[in-house]
Every structure is written in structure tokens, then in C-alpha cells.
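See below for the structure under consideration.
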Amino acid sequence: MRALAVLVVAAAACSGSIAGGGDDGVTSPAGGSSASPGAATPAPGGAPMPGAPDPGPNAPVTAPGTTTTTLPVRPLLRLTRFEYDNTVRDLLGDTTRPGSALPEDNEGPHGYDVAAAVSPLDATVLQEIAERLASGAVKNLAKLVPCKSATPDDACARQFIASFGQRAFRRPLLPDETTAIQGLYDTARTQLGYDSTQGLRVVIAALLQSPEFLYHWELGAQAPTLAGKLVQLTSWELASRLSYLLTGSMPDDELFAAAQSGALGTAAGVAAQARRLLAAPRARDGMGDLFRQWWDLDRIRRTDKGANVMGWDGLRDPMYAETKRFVEAVVFEGDATVKSLLTAPYTFTNNANLAKVYGATLPATTVNPAPMQKIDLDPGQRAGFLTQGSFLAAQAAPTDTSPVKRGKLVLTQILCTKIPDPPAEVPALPPASSTLKTMRQRSVEHMQNPLCAACHRLLDPLGFAFEIYDTVGKFRTMDRTDPIDASGTFTIGGRERAFKNALELTQILGAAPETHACAARQMLRYALGRLETMDDAPSLDEVARTGNLRDLVLALVQSKAFMFRAPAPGEVLR
Amino acid sequence: MRATRRDFLGALGASAFLPLLDADRASAQSYPLRFIVFGKNNGMHIPAFFPAAPAGGEARLDAITLPPILQTLDRRKNDVMVLGNVEQTSFKDIPNFNGHHSCGHNLTGIADKGSFLGGGVSLDQYIAAQFAKTVNLPFPTLNLGASASGVQTMAVLSYRGAAQPVSNENSATNAFNRLFGSLNLSAAEQDRLRRERKSVLDYLGARLTAFGARLGSEDRQKIDYHLGSVRDLEKRLSATAGKSCTAPTITPVPSTDTSKSLPQMIQAQMDNIVAAMACDLTRVATLKASSAGDHAMLWLGAEFQRAGIDNPKAAATYHDITHHQYGETKDLKIRADQWWLEMLMYLLDKLDAVKEGAGTMLDNTLVLMVDDMGNGAVHAQGDMPFVLAGRLGGRIKMGRYLNPGRKVAHNGVLVAVANAFGFPVTTFGDPKYGGAYPGVLA
């Protein structure tokens with residue numbers, strides 16, 4: 001009876017997720033109901049939804065107040081460790097990445113990093129880091145203080161509080177904030193007997209622990225501007241939202257100036273700044289962080305297959321570097337299409353052993369570290385990210401392949417079909433035996449169990465396509481003693497498609513509107529810190545009409561979902 | 001025969017409930033009571049852990065044959081209690097539950113809506129809050145980890161309230177510096193630092209209050225928790241206990257590779273706990289070791305270096321060993337689980353080495369060892385291998401194996417422990433899971 005109950009739950013969980021697009025009560029825009037991954041992937045890039053505006057990616061958003069469109073509530077988010085490190089680098093010039101001492105970020109319901117709730121330990125570490133950074137900052141105060149005198153005095157400190165405070169809070173200080181910080185400075189001067197420099201050290205330490213610095217909430221204590229049922233983001237909020245999306249850090253001087261001048265008051269103004277930031281080197285950090293999470297690239301950095309497993313030694317870090325460089329080449333130097341990410345006939349490495357995995361030889365060099373080299377791939381063996389080690393070796397068991405892990409990444413991250421965690425009390429994959437020789441045979445046997453089949457019939461066929469690569473990611477034709485069968489079928493866009501192996505599968509995925517739509521959804525999740533809902537459909541529709549990631553970013557930042565937000569229940573609106 | 005606090009209590013005819021003898025008032029006569037939680041993961045090999053169910057629901061550990069894993073505790077079998085038939089029902093009742101994310105239930109016994117997080121205050125935080133009514137300790141709780149990082153649903157035992165996880169410090173060195181670092185400063189320097197931090201924390205408290213006031217209710221709860229954490233730092237500045245302590249020394253952990261150094265990571269944190277308690281810097285501590293067992297156990301010898309299931313050249317992780325424990329890795333699983341109890345023994349020996357009056361710190365401490373699963377091969381939440389250890393001032397009669405012959409929700413263990421400390425709760429966590437595990441306080 002117990003097994004039966006679990007079966008029902010598991011099956012319901014899998015089919016429920018496929019019909020509904022998530023287990024969070026979230027509705028996918030297309031709302032398909034067929035139990036297939038294709039149907040689960042909505043197609044907002046297709047015809048516009050009834051009633052949705054069709055302004056084109058560069059047209060301004062609908063004027064505020066003229067629509068009843070709603071949006072989901074965006075939860076309050078704190079700087080992630082990545083954002084914290086980048087922000088103190090740009091604010092103070094500190095490049096030690098001190099955020100690594102903070103408790104790790106969690107994966108939010110939308111699949112991207114969310115900083116932990118501030119427990120006593122988090123508060124302690126935030127205090128320790130802030131004190132250390134402040135001590136470092138006052139050693140070179142001339143860099144930060146706007147006044148001329150060699151050592152700061154009280155008048156200079158006042159200027160510092162206004163100018164540095166504005167950069168730390170990412171918006172001008174409100175009068176009561178200035179009063180509070182000035183009061184802290186005065187306390188340090190009079191009650192603690194500190195000189196101006198030590199007084200500013202206390203001020204910097206306090207600002208770095210302030211909620212206005214730590215949280216993504218640049219509205220401050222002022223009343224929000226309502227636009228119909230929505231809140232219109234201020235220029236300062238838009239500047240930060242744009243900057244953290246594209247560079248993973250606080251706005252630079254030019255973006256702050258645009259916020260100050262009101263240049264972010266229109267969608268076109270936002271797009272102009274987005275174009276500028278996308279062309280700057282720091283955009284590689286921001287997009288790199290998106291891909292790190294979207295494609296689960298952290299996993300390769302944790303992958304340990306043990307010494308001597310099929311030449312694994314030394315491949316881990318080169319595999320991470322490979323994909324990082326590959327993404328930059330496609331997104332910033334290439335055509336920036338999802339299709340190229342999934343099918344490009346080239347990759348990059350500076351590691352001879354990794355080059356060998358791809359059947360290439362690197363030219364000799366005396367430069368250390370060796371420069372990354374572009375490698376042309378054998379089209380019969382490789383194409384795009386899903387044939388790279390950072391996917392194949394990371395999404396695998398330590399000593400064997402894993403059709404489940406590989407299939408799951410394709411399903412959840414490339415096709416945006418949510419699959420629940422496996423329930424407890426599921427049997428493990430049967431071990432290899434004389435009758436179950438290949439991984440595919442073992443997996444098929446595992447799927448005989450109806451408890452497993454509910455989800456695995458969706459996961460495993462996609463994963464079988466990658467059986468032509470071993471646990472390390474090397475191309476192979478045999479699994480132990482048997483030739484590999486990597487063929488299968490899956491449903492996408494309401495159509496059943498057959499593939500011979502991963503190379504055919506990646507071509508199908510690269511061309512499918514469903515894959516492009518999923519890219520748009522992933523970017524929205526990353527940019528807004530939440531899952532998409534039906535309310536996002538108009539925004540997603542604008543965004544996903546292109547399979548080009550740069551265009552997709554530009555469309556996203558001009559979308560209603562990006563430029564507006566819904567008031568949270570209980571929020572004070574006046 | 002040494003005269004200890006438990007003799008004193010025994011002479012008074014003290015029974016399970018001792019509400020008048022709270023930790024602080026007792027300390028005039030004796031030493032404070034302490035509570036330590038040691039959390040592991042991936043369960044135990046059940047057939048080698050639990051003894052056969054005893055007639056009448058209870059057996060003396062020195063009167064039965066201990067199964068191979070429990071044998072590890074043989075030297076201290078009169079200091080421990082094993083609880084049979086414990087089920088982590090609050091987690092099992094979550095649809096599509098997955099045992100790897102269950103540790104937030106170990107001490108809370110209640111689900112958070114829509115997530116695997118704990119849904120209420122955890123036992124350690126609850127007991128610390130009761131202690132805090134009478135004593136202002138620098139660290140009301142000490143929350144430590146040994147390679148327990150990653151998502152909090154796999155790493156964190158403690159909750160201040162629903163969906164308010166209390167992060168672990170995984171670096172024994174950082175924890176040590178926080179506990180004992182200020183002892184190296186001069187009194188004047190300590191005072192200056194205290195006053196500076198006080199002024200910053202006052203500022204932060206006011207800012208957080210103003211910041212939270214405008215937010216929606218869910219977001220305001222996040223700021224309230226943040227504010228509470230800042231208040232904790234303020235209280236630490238004015239804490240009165242622990243001032244006369246001399247700093248101990250720390251044994252550095254040789255490597256950050258969990259597969260090689262997990263024992264040293266655990267021991268260094270246990271050293272921190274015992275040293276902090278000896279200085280009365282804290283009376284409540286949790287230690288969560290590892291998150292999901294994704295590490296090899298190379299320190300256990302050659303067979304653990306060539307334990308790979310599919311490829312004999314690679315070492316299997318504790319996680320792999322657990323999943324295959326009813327097949328190829330049975331012996332390895334049993335040996336690994338023995339090692340976990342050796343870690344418990346290390347803690348008990350450390351506690352027993354600190355003299356307190358005529359007894360030791362172990363006489364005044366209760367240790368609860370918890371796990372995120374029972375049979376880890378299938379992530380099961382029944383047969384949770386919970387162990388109690390220590391004497392807690394004689395309030396618990398140790399040396400027993402209890403098994404009431406029916407499943408008891410683990411909330412019952414939490415209730416029994418709270419009762420043992422003198423807090424007369426009748427439920428803990430979700431009240432629907434019932435009252436005290438029978439017989440613990442008998």
C-alpha cells in the first residue's frame with residue numbers, strides 16, 4: 001500500500017508539473033496538458049497572446065496607467081556572494097572577494113542563487129567583513145573622499161557621507177538617512193574620541209551593513225509611484241536592476257549619471273544603457289554568472305572522478321574554462337543565438353589533454369598560461385554546449401554516465417520543464433550484470449518499475465542520446481561489450497521527433513522555438529529573482545520572438561516585467 | 001564513589017520535571033546544564049544498528065548483545081540511550097519528500113509551507129531561549145558545521161522560527177577566533193571595540209526598523225529576522241558570562257578535502273564546543289557534519305580507496321556506499337557508520353575530560369545525535385537512528401535501549417529532551433505528531 005501511495009504521488013507530481021509548468025502553483029504561459037516535455041515548454045515566441053501588445057522589441061512599453069496588467073510579486077532579495085564581491089570591488093576597490101566567508105547562497109524556487117536569510121552568523125560575518133573593508137578603505141581614503149585636504153576634517157566627512165552614501169545605497173540619501181549616518185559619525189568623534197579618519201571608518205563599516213546596501217531595494221523609504229495596479233520603478237531602481245543583470249555589480253558612473261538625469265525614464269533610454277553595458281568587458285561577468293547557474297556549471301568544478309578514471313586527471317578546471325570562453329565567444333563575439341550555443345562546430349581550450357578529448361592538437365606555445373585556442377570540432381562527434389565536458393562529465397555518475405542527470409538538465413534547463421526531486425524509497429539503478437550490460441539496458445530495466453517510470457520516461461530517452469560520450473565526456477561507440485544505441489524520440493512543439501544520437505538531438509533543440517522561449521524564461525528568472533507566471537506572458541512574448549541572446553536581453557530590459565513591479569501584500573504604498 | 005550533582009538531585013528525590021532547578025539557579029550549587037546536537041546524514045545500516053526489540057519496550061544495554069555498529073559505544077554503554085522506532089513523520093508527510101533535504105526537520109518537527117525548510121523553532125534554539133531568560137551568554141547558541149555547506153535544507157539543523165534557518169560556521173578556525181579571539185585583546189581595546197560596535201549596531205537596528213516598515217508582510221519577516229540577528233550581536237556585547245576564561249589552543253585542520261579530513265574537521269568543531277562550554281560562553285551547540293555524504297572516506301583504510309561500484313579505481317562516496325548497502329557495500333557501510341559513532345565517542349570523551357566539581361562536564365550535558373534518514377538506501381524516514389548521551393545532572397537514566405513496539409514520531413524525542421531540561425512542553429513542532437517518546441524520563 002505504501003508503494004502504491006508513493007507511486008500515485010510521484011506520477012501526479014511528474015504529470016502535474018508537465019501540465020502546469022511547475023510545482024509552485026505557477027502556470028506556464030502555454031498551459032499545455034500533454035505528458036510530454038515539448039508540450040510543457042510554452043511557446044511565447046509564437047503568435048502573440050490575445051490582447052497582448054505587439055510593440056516590437058525596441059518600442060516603448062505601454063504608457064503607465066493605461067493598462068490593468070498585473071505582475072507577480074518580486075521577493076525582496078539580498079546581494080548574493082557574487083554580487084557582494086563585485087559591489088565592494090567597484091565601491092571600494094577591494095578585489096579579495098570577501099563574500100566567500102559568508103554562508104553559501106541557496107537555490108531559490110526559480111533555480112537561481114538567493115542569499116540566505118540573515119541569521120546571527122550571517123550578521124556576524126557581514127560585520128566582520130565590513131569592519132575589515134572599512135579598515136582597508138581608510139588607509140587610502142584620498143581615493144574615496146571628494147575634498148582636497150590631505151586628511152579629512154568634519155566638513156569633508158559631511159561631503160563624504162553624501163557622495164559615498166549615494167554610491168553605497170545606489171541612490172541619493174534621504175534626509176533622515178543622512179541624519180542617521182552623520183549622527184553615527186558624530187558619536188564616533190565625540191563619544192569614542194576618534195579622529196575624522198577613524199570616524200569615517202565607522203561610517204563605512206555601518207554603510208556596508210545597512211539594509212539599503214545589502215538588499216535590492218533602491219526605492220528607499222519614499223512612497224512608490226503607482227502606475228495602474230503596478231509600481232513604476234524609479235530611475236535608480238532601474239539602474240541597479242540593469243547593472244546587476246548585466247554586470248553582476250552596482251551601476252558605474254555613467255549609469256548613475258543616466259539615473260540622475262532621467263535618461264532611464266523611457267524604455268529607449270534603458271535600452272541605450274543596456275547596449276552600452278553589453279559592449280563593456282564587465283558584461284562577460286554578468287552573463288557568465290547567468291550561464292554558470294542556468295547550465296549548472298558549478299557542478300564541473302565540484303566533479304571528482306578519482307585519480308586515473310579514463311584520463312580524468314586535470315580536466316576539471318579546463319572544462320569549466322572551456323565553456324566560459326565558449327559562451328563569451330558566442331554571446332559577445334558571435335551571433336549570440338541559442339542555436340549556436342547548442343550546435344556550434346567549435347570550442348576553445350588551452351589544455352592539451354582536453355584538446356585531445358576533442359581529437360585536436362594544440363600548437364606549441366611558450367606563453368604561460370597558454371592562450372585559449374579555437375578548435376574546430378568533428379561534426380560527426382561534437383556540436384555545442386551539450387557535447388562539452390562541463391555538461392557531459394559533470395552530469396554523470398563518478399565512474400559511469402548518467403542518462404538521468406544529462407536528461408534532467410536538458411529537460412529542466414534547456415526546455416524549462418520542471419521535474420520534481422525523486423521521492424524517497426525509490427530503488428537504485430540496477431548494477432551492471434551479464435544480462436544488463438549497458439547503461440541503457442540498466443536504465444530500461446529500472447523503468448520497468450512503475451514508481452520510476454512516471455518521471456524517467458521523460459528523462460531517460462533524452463539522456464540516452466548522450467550515451468555516445470563516456471563519464472569523462474570522451475566520444476565512444478561501445479558501452480562495455482555492446483555497441484551503443486543512442487537513438488530515441490521525444491515530443492516537442494506538439495510533434496514527436498526522432499533522433500539518432502546527441503548530434504541530431506542538439507540540432508532539433510537548437511532550431512526549436514521552445515528552446516528559444518525557454519532561454520527567455522531562464523533570463524527572466526535570473527533577472528527578476530522569481531519564476532515566471534501567466535502575468536509575464538506579454539513580457540515574455542516580446543522577449544522570446546528572437547533566438548538571439550543579446551536581442552533577448554534588450555527586449556527583457558524594456559519589458560513590463562522588468563520596468564514595473566507588483567506591490568507586495570501589506571506594502572505601504574503612500 | 002564520587003559525589004556529583006546527580007547524587008545531590010537524587011537525594012532531593014528529583015524526578016523528571018525539575019522546573020525550579022533551571023540551569024542558572026542550579027549553577028550556584030553546581031554547574032550549568034548543556035545541550036549538544038550532533039547531526040549526520042545518510043542513515044545507519046539498520047540491521048547492524050538496532051538491537052532486537054526488547055520485551056516490555058526496554059532493555060539495559062549492558063544486558064544485551066550490541067549489534068556491530070552499536071558495539072562502537074560499548075565502552076560508554078552506560079552513558080548512552082538508543083531510541084527504536086523513531087519516525088520523522090513530519091518530513092515523511094510532505095508529498096514527494098526526499099530524505100536528503102530532511103535535516104531541517106530533525107530539531108523542528110514541523111514542515112514549512114511549500115518547502116523543505118523547518119517550519120518552526122528548533123529544539124536547540126528553544127532551549128537556548130529558555131536559558132536566556134536567566135542568563136546572558138555571549139553565544140546563546142553555537143551553530144557549527146563540518147563540511148556542511150550548500151543549500152540550507154541539507155546543511156542546517158537549527159531554526160529561529162518558520163523558514164528562519166540559522167546558518168552554520170563551517171570553519172573551525174573562524175569559530176575559534178570568534179569565541180576566543182577577543183580574549184587576546186587588552187581590556188581597554190576590548191572596551192573600545194565593544195563601544196564602537198554598539199554604536200554601529202544601534203544605527204543598524206534603527207535602519208532595519210525603518211527599512212522593514214514599508215515592505216510587504218513576507219519581506220518584512222525577512223527584515224525582522226535580520227533585525228533579530230543584529231539584536232543578538234548587541235546582546236553579545238553586553239554578555240556577562242565567560243569573562244574569566246583563558247583562551248585554549250586550536251588544532252588546525254590539515255586539509256579542506258572532506259574525503260581526507262572530515263574527522264579532523266568534526267573533531268576541531270567538537271573541541272570548540274567543549275572549550276566554549278568550559279568557559280561558559282555557550283550552553284547550547286549544534287554540529288552538522290557533511291550535507292549529503294558526497295565525499296569519500298579515505299581515512300578508513302585501503303578498502304575505502306578502492307570501493308567504487310562501477311570502476312574499482314575510484315573511491316566511492318558515503319552516499320554511494322549508503323545506496324548500495326544491501327549489496328556490494330554492506331561491510332563498508334557498517335564500518336563507516338561505526339566511524340560516525342567513533343566521532344560521538346570523541347565528543348563524549350572530551351566532555352568527560354573536563355572536570356566539574358567531583359564529576360565532569362559529561363555529567364551535566366545531554367547530547368542528541370540525529371540523522372536525516374533511517375535506511376539511507378531508500379531515503380526512508382522510519383527507524384531514525386537517534387541516540388542520547390550524557391547524564392544531564394542525573395535527569396535521564398542512561399544505558400538503555402527503548403523500543404515501544406510502535407512507530408513514534410520524532411517530535412516525541414524533542415518533547416522528552418525539552419522535558420528533561422525542565423521545560424514542561426507536551427508537544428514540540430507540529431502538535432499533531434503527539435507527545436513525549438515513552439520511557440526516556442522514566
Side-chain angles (χ1 to χ4, degrees), chain A residues 9-10 13 24 73 75-76 101 103-104 106-107 109 116-124 127 176-177 180-181 183-184 187-188 191-192 202 205-206 209-212 215 217 221 304-309 397-400 420-428 431-432 567-572, chain B residues 92 95-99 101 114 143 149-152 160 163-169 174 178 192 195-197 199-200 203-204 206-208 210-211 213-220 222-223 225-226 229-230 232-233 308-311 313-315 317 320 323-324 327-328 377-381:
Chain A
V9 167
D24 312 86
V73 171
L76 179 70
E104 284 182 50
N106 289 298
E107 183 183 318
V118 179
S119 75
L121 176 68
D122 300 76
T124 301
Q127 179 189 55
D176 70 313
E177 292 165 345
I181 298 163
L184 180 61
T187 301
Q191 292 179 28
L192 298 173
V202 176
Q209 296 175 72
S210 294
E212 296 87 351
Y215 290 91
W217 182 261
D304 184 4
K305 296 185 184 288
N308 306 322
V309 173
T399 54
D400 211 335
D421 282 337
E425 303 180 14
V426 292
E571 183 179 346
V572 179
Chain B
K92 196 180 172 191
N96 201 50
F97 69 93
N98 176 315
H101 295 273
N143 298 96
S149 53
V151 294
Q152 291 182 305
R160 188 58 63 91
Q164 293 184 337
V166 180
S167 305
N168 300 324
E169 176 55 74
N174 287 352
R178 246 164 245 144
R192 184 198 62 76
R195 294 191 337 170
E196 179 184 314
R197 284 183 170 168
S199 60
V200 172
Y203 158 85
L204 285 183
R207 293 322 306 164
L208 281 161
F211 186 82
R214 297 206 60 89
L215 299 175
S217 44
E218 278 196 26
D219 291 341
R220 204 177 310 136
K222 295 176 194 166
I223 298 301
Y225 184 37
H226 188 161
S229 298
V230 165
D232 269 22
L233 301 195
I309 308 302
D310 301 309
N311 185 325
K313 287 176 183 166
T317 63
D320 292 337
H323 271 300
H324 295 273
E328 314 90 305
V378 293
H379 294 192
Q381 298 290 299

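Reminder, nothing fancy here: chain letters follow the sequence lines and each chain counts from 1.
At a 4.5 Å heavy-atom cutoff, B/A206 makes no contact with chain A through either its backbone or its side chain. Only the side chain of B/Y203 comes within less than 4.5 Å of a heavy atom in chain A; its backbone stays farther off. For A/L76, the parts sitting under 4.5 Å from any heavy atom of chain B are the backbone and the side chain alike. Both the backbone and the side chain of A/A206 have a heavy atom closer than 4.5 Å to some heavy atom of chain B. For A/T187, the part lying near chain B is the side chain, with the backbone staying farther off; criterion is any non-hydrogen pair under 4.5 Å. A/P211 touches chain B through backbone and side chain together, each having a heavy atom under 4.5 Å away. Heavy atoms of B/L215 lying under 4.5 Å from chain A belong to its backbone as well as its side chain. If you measure heavy-atom distances from B/L208 to chain A, the contacts under 4.5 Å come from both the backbone and the side chain.
To the nearest 0.5 Å, atom CG of residue B/N174 and atom OG1 of residue A/T124 are 11.0 Å apart. Distance check: A/Y215 OH to B/D219 CG gives 9.5 Å after rounding to the nearest 0.5 Å. Taking CZ of B/R195 as the reference point, atom CD of A/Q191 lies at 7.5 Å (rounded to 0.5 Å). B/Q152 contributes atom CD, which lies 4.0 Å from atom CG of A/N106 (distance to the nearest 0.5 angstrom). Summarising the geometry, atom CD belonging to B/E196 is positioned 9.0 Å from atom CG belonging to A/L184; distances are rounded to the nearest 0.5 Å.
Using a 4.5 Å heavy-atom threshold, the side chains of B/V166 and A/L121 count as separate.
Looking at residues two or more places apart in sequence or on another chain, you find a side chain to side chain donor-acceptor pair (under 3.5 Å) between A/S119 and A/D122, B/S167.
Nearest heavy atoms, A/V572 versus B/A213: CG2-O, 3.5 Å. Between B/R220 and A/G570, the closest heavy-atom pair is NH2-O, 3.1 Å.
If you tally non-hydrogen atom pairs under 4.5 Å between each of B/E169, B/R160, B/R192, B/R197 and chain A, the highest count goes to B/R197. With chain A as partner, the option from B/D232, B/V230, B/L233 having the largest number of non-hydrogen pairs under 4.5 angstrom is B/L233. In terms of heavy-atom pairs under 4.5 Å with chain A, the best-connected choice from B/H101, B/R178, B/K222, B/E218 is B/R178.
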